Amino acid sequence: MTHRYSRRTWLRGAGVTMALPWMESIRVWGDDAQGSESSSQAPVRMAILFAGCGFHRQQWWAKGEGSSMELGQVLHPLNKFREQMTFVRGLFNAEALKGNIHSSQTGNLLSGAPLADGGEIRSGTSFDQVIAQRYGRSTKVPSLVLGCERSNPGIHKNYSMLYSSHISWSSPTAPTPLELYPALAFDRLFKNHAERGEQSILDAVLGEATRFRKKVSRRDQQKLDEYLNSVREVERRIEQAGQQGELQGWRPTLENPNIPRPPEGIPQNLADHARLMCDILVLAFQTDTTRVSTLKLNNDHSYLQFPHLGVEVGHHELSHSDRGVESPDWLKVNHFCLEQLAYIAGKLDAIQEGERTALDNSMLMMCSSMM
């Protein structure tokens, strides 16, 4: 098909540009050479998920490979993906032994660079940003950096806590700005300007979407309908989360909370916040708005709590309960983190891109800063 959608498929509305997923009957990605084999192939992507404070030391393991792989309890959410998973052992970062335990094992996790102490900020450019700086010009958003906990600007044992709050670094002295607000992350994918607006993204492009639908195959029409429904669902959940206000990681037990009400904008329930960020990451990959993303579920020295799991202890404090004995609350929190990876993998695996799925075309990496 040689109509105006030949290279990259966009829907446009007032102040909105929406990229569309790969479709069999339309050339979307690749180079401009007509008829070339690469011009109809979906791109490859990379996402890195991070959970601070480590995992249960007795339950973080894998044995064997493929469908016969056995996984420790922490990794049980990934059972379905054993044939697509590589469990890496023996990684060692010598720089992580210098300085205090939290900052020195997080701020250089994706670079291996030495960290400056004394409150100075100097690390190294993380490899996700090296890739984004080299290849990110081919997409609207060079890299999408998401988070579920605010950065901590304090000092801990002579090292800046910014190291514990960021895994993605655009330069040795600048952590990549972290987007905590689902609505703003969503706007960045689809709006031509990052400001928040009243109009639905989907409503803005619905007219062109209807016209475009007539130009593709029946199978692609079904794919388009599923995609537009998923965008509408994310919009609806973001709107509901914004109405609930911001009470991140905990819920008040008093009729009138005895602390000041935090600012608007971040979902009340941590599980909702994390799941929204996962969905936005998937949308970003599905539309080729970005091919590089990091999602920081929490800081390394984290203060998040998990009332939705029945766990009332903060993440950092809870991590100290792991002394080689059973720690059911710690295991629950670990499971929650791995469930986010499994959710992203499942969503990508359900997106067909020719003979492959979006998961086949993606590398997902789950990491923490310590055992």
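Only a predicted model underlies this, so the values are computations on that prediction, with no experimental measurement involved.
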Could you pull out the closest heavy-atom pair between [X] and [Y], with the gap in Å?
X	Y	result
L295	C278	CD2-SG, 3.9 Å
S368	G52	OG-C, 3.8 Å
V88	L91	CG1-CG, 3.9 Å
R211	K215	O-CG, 3.9 Å
L144	R188	CD1-NH1, 4.2 Å
H273	L180	NE2-O, 2.8 Å

Side chains of [X] and [Y]: closer than 4.5 Å at any heavy-atom pair?
X	Y	value
L189	T287	no
F50	L297	no
L224	F212	yes
N334	Q59	no
L283	F186	yes
R219	Q352	yes
Y163	L115	yes
W330	S319	yes

Is [Y] reachable from [X] through a run of I, L, V, M, F, W or Y residues, each pair having side-chain heavy atoms under 4.5 Å apart?
X	Y	answer
L109	M161	no
L110	M366	no
L359	M365	no
V141	V44	no
M363	I167	yes

To the nearest 0.5 Å, what is the distance between [atom1] on [X] and [atom2] on [Y]?
X	Y	atom1	atom2	value
Y227	Q286	OH	CD	6.5 Å
T106	K296	OG1	NZ	9.5 Å
S171	I121	OG	CD1	11.0 Å
T139	F285	OG1	CZ	10.0 Å
W61	F55	CH2	CZ	16.0 Å
F87	L78	CZ	CG	10.5 Å

Aromatic rings H316 and H320: how do their planes relate, parallel, tilted or perpendicular, breaks at 30° and 60°? perpendicular
By salt bridge (Lys or Arg N to Asp or Glu O under 4.0 Å), which residues pair with D225, not counting sequence neighbours? R213
Please name all residues satisfying salt bridge (Lys or Arg N to Asp or Glu O under 4.0 Å) with E312, sequence neighbours left out, ordered by chain then number. none
Does [X] use its side chain to pair, donor to acceptor, with the backbone of [Y] at less than 3.5 Å?
X	Y	result
H56	G72	no
R82	M69	yes
Q133	S170	yes
S123	P172	no
S160	L162	yes
S293	T290	no
H166	L178	no
N269	A271	yes

Does any donor atom in the side chain of [X] or [Y] lie under 3.5 Å from an acceptor atom in the other side chain?
X	Y	result
S327	S321	yes
S168	T176	yes
T357	D349	yes
D300	S369	yes

Atom CZ of R232 with >12 non-hydrogen neighbours under 6.0 angstrom: yes
What residues, two or more places apart in sequence or in another chain, satisfy side chain to side chain donor-acceptor pair (under 3.5 Å) together with S143? Q129
When you look at H315 and Y303, which way does the side-chain contact (heavy atoms from CB on, under 4.5 Å) test go after all the steps? CA-CA 6 Å; H315 194 169; Y303 297 102; over 6 Å; no
Applying side-chain contact (heavy atoms from CB on, under 4.5 Å), name anything that partners I131, two or more places apart in sequence or on another chain. M46, F127, Y135, V292
Taking distance alone, no hydrogens or angles, what donor-acceptor pairs closer than 3.5 Å link side-chain atoms of residues 336-348 to residues at least two apart or in another chain?
{"from": "Q340", "atom 1": "NE2", "to": "F336", "atom 2": "O", "distance (Å)": "2.9"}
{"from": "Y343", "atom 1": "OH", "to": "D279", "atom 2": "OD1", "distance (Å)": "2.6"}
{"from": "Y343", "atom 1": "OH", "to": "D279", "atom 2": "OD2", "distance (Å)": "3.2"}

Of all pairs that satisfy salt bridge (charged side-chain N to carboxylate O under 4.0 Å, His left out), the ones with a partner from residues 104-132, not counting sequence neighbours: E120-R122
With a 4.0 Å cut-off, would you call R45 and E353 a salt bridge? yes
Between H76 and H335, is a side-chain contact (heavy atoms from CB on, under 4.5 Å) present by the stated rule, with each step listed? CA-CA 8 Å; H76 278 183; H335 261 156; 4.0 Å; yes
Determine, stepwise, if the pair L71 / M85 fulfils side-chain contact (heavy atoms from CB on, under 4.5 Å). CA-CA 11 Å; L71 301 177; M85 189 174 90; 3.5 Å; yes
I48 and C367: side-chain contact (heavy atoms from CB on, under 4.5 Å), yes or no, with the steps? CA-CA 8 Å; I48 301 168; C367 56; 3.9 Å; yes
